[in-house]
Protein chains: 2
Amino acid sequence: MQPTGVPSQLSTTPSWLLTQTAAHASRIVSTALGTRHARGYHYRVLATLADTGPASQADLSRHSGIDRSDIVATINDLGDRDLVQRQPDPADRRRNIIHITPAGRRELTHLQHTLDAAQETLLAPLDPTERHELVRLLRRLLTHHQEPRD
Amino acid sequence: MQPTGVPSQLSTTPSWLLTQTAAHASRIVSTALGTRHARGYHYRVLATLADTGPASQADLSRHSGIDRSDIVATINDLGDRDLVQRQPDPADRRRNIIHITPAGRRELTHLQHTLDAAQETLLAPLDPTERHELVRLLRRLLTHHQEPRD
DNA sequence: CAGCCAATGTTGGCCCGACCAACGTAACAC
DNA sequence: GTGTTACGTTGGTCGGGCCAACATTGGCTG
């Protein structure tokens with residue numbers, strides 16, 4: 001049944017299917033981002049920043065789902081490339097306010113384009129209805145598992 | 001729309017949905033396996049071994065999708081716990097023949113049970129039809145992206 | 001206003017899964 | 001017999017996801 005002979009114990013387990021397809025997705029995405037010398041975290045922070053406007057690192061962490069400590073390194077990287085700017089918040093000396101620069105915005109649209117192509121590669125075998133259904137199911141799982149905000 | 005305020009640029013990207021839900025799945029699964037001091041590779045190799053019968057490490061690698069070098073370490077771990085046995089192949093002195101032991105078989109069924117519960121946790125928000133649909137879509141993606149055996 | 005608690009940024013770690021290069025040994029094809 | 005291929009093994013790298021600890025700063029409450 002399976003061309004590669006994957007044991008059915010594995011190939012019928014949803015979590016295995018999920019992590020395996022995610023691994024393929026990661027490879028595709030990271031190849032795409034690699035052409036612009038970026039990694040997942042870079043894109044995710046830039047996208048979050050463009051969505052929320054200037055924000056503290058803690059806010060970026062919350063909105064992007066990336067750990068505070070990883071945000072630090074990511075902002076360092078982006079700052080080194082002048083895609084982002086780090087300013088102390090005059091109103092709260094604990095905080096930095098992160099701004100996306102014009103160059104950052106430009107880079108973000110580049111990244112988005114290569115990522116669009118990557119999605120196409122990833123979802124190639126599915127028709128539009130199936131793609132939408134997949135997205136719907138994944139969103140249901142995701143919101144369910146992150147909602148427990150108690 | 002999103003309770004956590006995830007930027008829509010992210011939350012509508014299939015690859016992001018996939019990798020995020022996969023991350024949740026991994027957490028759930030690794031917690032489940034952790035109760036029996038196992039990791040993903042351990043289960044996958046045991047399951048493959050039970051499916052194929054005694055096999056060389058190279059065969060295990062091919063059937064499980066785990067790299068040869070990672071198989072080595074995994075077999076070491078399983079061997080240390082007597083869940084598996086490594087014998088030189090008399091007919092081909094390059095190879096080892098890996099056998100699953102009775103204890104290994106018992107451990108495998110334990111792991112399967114905890115994993116069944118984990119799947120239930122993971123898929124809780126989906127009804128049976130949706131679960132089947134999700135599995136179907138993921139399998140399609142997976143076979144498509146691993147088939148290029150050229 | 002003094003004292004305590006919470007939030008922020010940062011450092012420095014850890015784990016896991018995936019992958020790769022190189023090597024010695026052994027089998028195989030020709 | 002020679003070159004090529006397969007096998008097991010060693011020893012890495014990388015990315016993503018975490019966690020603990022700490023100094024600094026704000027805010028809240030008594």
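Chain naming here is simple, since letters A, B, ... match the order of the sequence lines and numbering starts at 1 in each. Atoms considered below: every heavy atom in the structure, side chains included; atoms not considered: hydrogens, waters and symmetry mates.
Heavy-atom distances under 4.0 Å link DNA chain D to Asp67(A), Ser69(A), Asp70(A), Asp92(A), Arg93(A), Arg94(A) of residues 67-95 of chain A, given in residue order. Residues of residues 25-36 of chain A that place a heavy atom closer than 4.0 Å to DNA chain D do not occur.
Side-chain contact between Gln119(A) and Arg131(A) is absent, with no heavy-atom pair separated by less than 4.5 Å. A heavy-atom distance below 4.5 Å is not found between the side chains of Ile100(B) and Pro54(B). With a 4.5 Å cut-off on side-chain heavy atoms, Leu60(A) and Thr74(A) do not count as touching. The shortest side-chain heavy-atom distance between Leu10(B) and Thr48(A) falls under the 4.5 Å cut-off. Leu17(B) places a side-chain heavy atom less than 4.5 Å from the side chain of Arg139(A).
The neighbour count for Gln85(A) CD, taken as heavy atoms of other residues, nucleotides or ligands under 6.0 Å away, does not exceed 12.
Side-chain atoms of Ser8(B) do not come within 3.5 Å of backbone N or O of Ser11(B) as any donor-acceptor pair. Here the side chain of Arg140(A) pairs a donor or acceptor atom with the backbone of Pro125(B) at under 3.5 angstrom.
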Exercise. Given Val135(A) and Thr12(B), is the side chain to side chain contact (heavy atoms under 4.5 Å, CB included) satisfied, shown in steps?
Worked result: CA-CA 8 Å; Val135(A) 166; Thr12(B) 61; over 6 Å; no
Exercise. Can you list the steps and then say if Tyr43(A) with Glu107(A) is a side chain to side chain contact (heavy atoms under 4.5 Å, CB included)?
Worked result: CA-CA 9 Å; Tyr43(A) 170 73; Glu107(A) 187 61 25; over 6 Å; no
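Each of Asp59(A) and Thr19(A) has a nearest nucleotide on DNA chain C; the 5'-most of these lies closest to Asp59(A). Residue Asn96(B) is the one, among Asn96(B) and Gln20(B), whose nearest nucleotide of DNA chain D lies closer to the 5' end (criterion: closest heavy atom).
Side-chain contact of Arg86(B) with Gln57(B): a donor-acceptor pair under 3.5 Å is present, judged by distance alone.
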What pairs of donor and acceptor atoms, side-chain ones from residues 26-33 of chain B against any protein atom, are under 3.5 angstrom apart with sequence neighbours left out?
from     : atom 1 : to       : atom 2 : distance (Å)
Ser26(B) : OG     : Ala22(B) : O      : 3.1
Arg27(B) : NH2    : His24(B) : ND1    : 3.1
Thr31(B) : OG1    : Arg27(B) : O      : 2.8

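Nucleotides of DNA chain D that come within less than 4.0 Å of any heavy atom of chain B span, from the 5' end to the 3' end, dA6(D) to dC18(D). Here chain A contacts DNA chain C (any atom closer than 4.0 Å to a heavy atom, that is under 4.0 Å), and the contacts span dA7(C) to dC19(C) from 5' to 3'.
Sorted by first then second residue, the salt bridge (charged side-chain N to carboxylate O under 4.0 Å, His left out) pairs that include residues 69-81 of chain B, not counting sequence neighbours, are Arg39(B)-Asp77(B).
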